Protein chains: 2
Amino acid sequence: MGKSTTAERILDAAQILFATKGFSETSLRHITSKAGVNLAAVNYHFGSKEKLMQAVFERTLTPFCDNLEKQLLTHGQNRGATLSLEELFGMMVSTADGVYGDDSKEFSRFMRLMGLAYTQTQEELRAFLGERYGMVFKRFLVYIKLAAPEMAPKELFWRIHFALGAAVFTLASFGGLQEVLQKDYGMSVGLPDVVTRLVPFMAAGIRGDVEKES
Amino acid sequence: MGKSTTAERILDAAQILFATKGFSETSLRHITSKAGVNLAAVNYHFGSKEKLMQAVFERTLTPFCDNLEKQLLTHGQNRGATLSLEELFGMMVSTADGVYGDDSKEFSRFMRLMGLAYTQTQEELRAFLGERYGMVFKRFLVYIKLAAPEMAPKELFWRIHFALGAAVFTLASFGGLQEVLQKDYGMSVGLPDVVTRLVPFMAAGIRGDVEKES
DNA sequence: GTAAGTTTAAAACACTTGTTTTAAACTTAC
DNA sequence: GTAAGTTTAAAACAAGTGTTTTAAACTTAC
């Protein structure tokens, strides 16, 4: 365990603390003390707390997006047919799996981090993520449109955000929900369990297996 | 505008600032300066920042829950048949409508506040809300269970939270999404428009018009 | 071994935070 | 008018924040 560099240990500690307590609620002194390094080291390696936050996201978001795009291109070209919604969302899940290996705890942690990035008001961080990864997101949206071609753009727009909300909200509050489920139902669940339920929910909602009653 | 009491002006300012910036990111000095009152007034009337947060939620959550329960009881007894998911969610919408009148901006703001209460790590606030409004929430869950009787409890638990996430996320970021829709699609929508799309989405997702593929 | 880069220790900086206190002024009710 | 309650002003408190600086020690590469 002594092999990791100071910068890596800072990133590890920061990722854990950010995910569990939020950004504003986590201090640099808390991070460095958990990492077992000196306070000055964080500014030496990253420059500021803001840049440290960006580095935490960059470290795992970059390989994730690279892998996802690779998968999208190959699967999109191999078969002339369009990808289904389930296949698209499943692709994201398997990509995340590939990046995180079987360390589902780290995966869960980063998912919560993504939720916080959306929910928490961190203007600079949001700008950074948008500028850096916005294109990948938009390219993914194109595939979703292809998977639901008969739907009006306006309707699809809202349904995508409904589905996105379901995912972000659930993953962001995953820890809390886990506790409730344990206490009230006496059941325990892991993140993969939830994700496999989440994907069909999103797909069904977007596809809209809804018969109008009015 | 000079009619409102000091306590009310503090609550108003706090509600707006909490909703837009989050809890930790909003200082008491920011609140009191926006409210145009003295800093000491907040501790005089509420005791602490934590109690102020609770008071903000209590002010609008209490009438909402009271009205909802009243509606649930009358509609549940009048007809022996169970209420459908669409009817249940529609009941929440009309209850919110009744409490907030046509001030859709305040409604949207409070929805975002509810989202933050779930997402943001505020242990004391979560405990307070659970203790104070947990029963109403559970009673509502019973009606949902009756509307989807054939589903496993665990599965239903998660689908409810998926649907909840879709609602909270969408309504909370309604203002931002409206802008995007206007800019990218040249379309404008009102809150009722979105709600009428949201209710079927939630109902379809929970009911689970999904065929298992594994 | 020398130089460059890294890490630590300790302290200080300027600033913000929630909270409390003091005294004076104001409002309301009886 | 007196008393109780309210609100303000201003200041201080103790604690925590991100950031910077200093000097010394350590590691690595050439």
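These numbers come from a predicted model, not from an experiment. Because only heavy atoms are used, hydrogens play no part in the values below, and waters and symmetry mates are left out as well, while side chains stay in.
Rounded to a whole Å, the CG atom of Leu39(B) is 12 Å from the C1' atom of dA12(D). Between the NE2 atom of His45(B) and the C1' atom of dT27(C) there is a distance of 12 Å, given to the nearest Å. Between the NZ atom of Lys51(A) and the P atom of dG18(D) there is a distance of 16 Å, given to the nearest Å. For Lys21(B) and dT17(C), the NZ to C1' distance is 14 Å, given to the nearest whole Å. Taking atom CZ of residue Phe23(B) and atom P of nucleotide dT17(C), one finds them 17 Å apart after rounding to whole Å. Rounded to whole Å, the distance from CZ on Phe46(B) to P on dT20(C) is 16 Å. With rounding to whole Å, Ile10(B) atom CD1 is found 10 Å from dT7(D) atom C1'. Separating the CG atom of Asn43(B) from the P atom of dT21(C) is a distance of 10 Å, rounded to the nearest angstrom.
The side chain of Ala40(A) has dA10(C) as its nearest neighbour among dT19(C), dA10(C), dT19(D). With distances taken from any side-chain atom of Leu28(B) to the nucleotides dG18(C), dT19(D), dT21(D), the minimum falls on dG18(C). If you check dT7(D), dG18(C), dT19(C) against the side chain of Thr6(B), the one that comes closest is dT7(D).
Among the atoms of the strands shown, only primed sugar atoms or phosphate atoms (P, OP1, OP2) are found under 4.0 Å from some heavy atom of Val37(B). The residue Ser24(A) sits apart from the nucleic acid: no heavy atom pair falls under 4.0 Å.
Checked against the 6.0 Å centroid criterion, the rings of Phe169(A) and Phe169(B) do not qualify as a close aromatic pair.
Between His30(B) and dT17(C), a side-chain N or O to OP1/OP2 separation shorter than 4.0 Å is absent. Taking 4.0 angstrom as the limit, Asn38(A) places none of its side-chain polar atoms (N or O) nearer than this to OP1 or OP2 of dT7(C). Between Ser27(A) and dT17(D) there is a side-chain polar atom (N or O) within less than 4.0 angstrom of OP1 or OP2. Distances shown here put every side-chain N or O of Tyr44(B) at or beyond 4.0 Å from the OP1 or OP2 atom of dT7(D).
The partner of dT20(D) is dA11(C), judged by Watson-Crick or G-U wobble contacts that both fall below 3.5 Å. Using N1 to N3 plus N6-O4 or O6-N4 for Watson-Crick, or N1-O2 and O6-N3 for G-U wobble, each under 3.5 Å, dA29(D) pairs with dT2(C).
Look at Arg59(B) and Asp12(B) and you find a salt bridge, because one of the NZ, NE, NH1 or NH2 atoms lies within 4.0 Å of a carboxylate O, short of that distance. Ionic pairing of Arg207(B) and Glu86(B) is present here: one or more N-O contacts between side-chain nitrogen and carboxylate oxygen are shorter than 4.0 angstrom. Under the 4.0 Å criterion applied to side-chain N and carboxylate O atoms, Arg197(B) and Asp193(B) are assigned as salt-bridge partners.
Below the 3.5 angstrom threshold, one finds a donor paired with an acceptor across the side chain of Arg29(B) and the base of dG18(C).
Of all non-hydrogen atoms in Ile31(A) and Leu52(A), the two that sit nearest each other are CD1-CD2, 4.0 Å.
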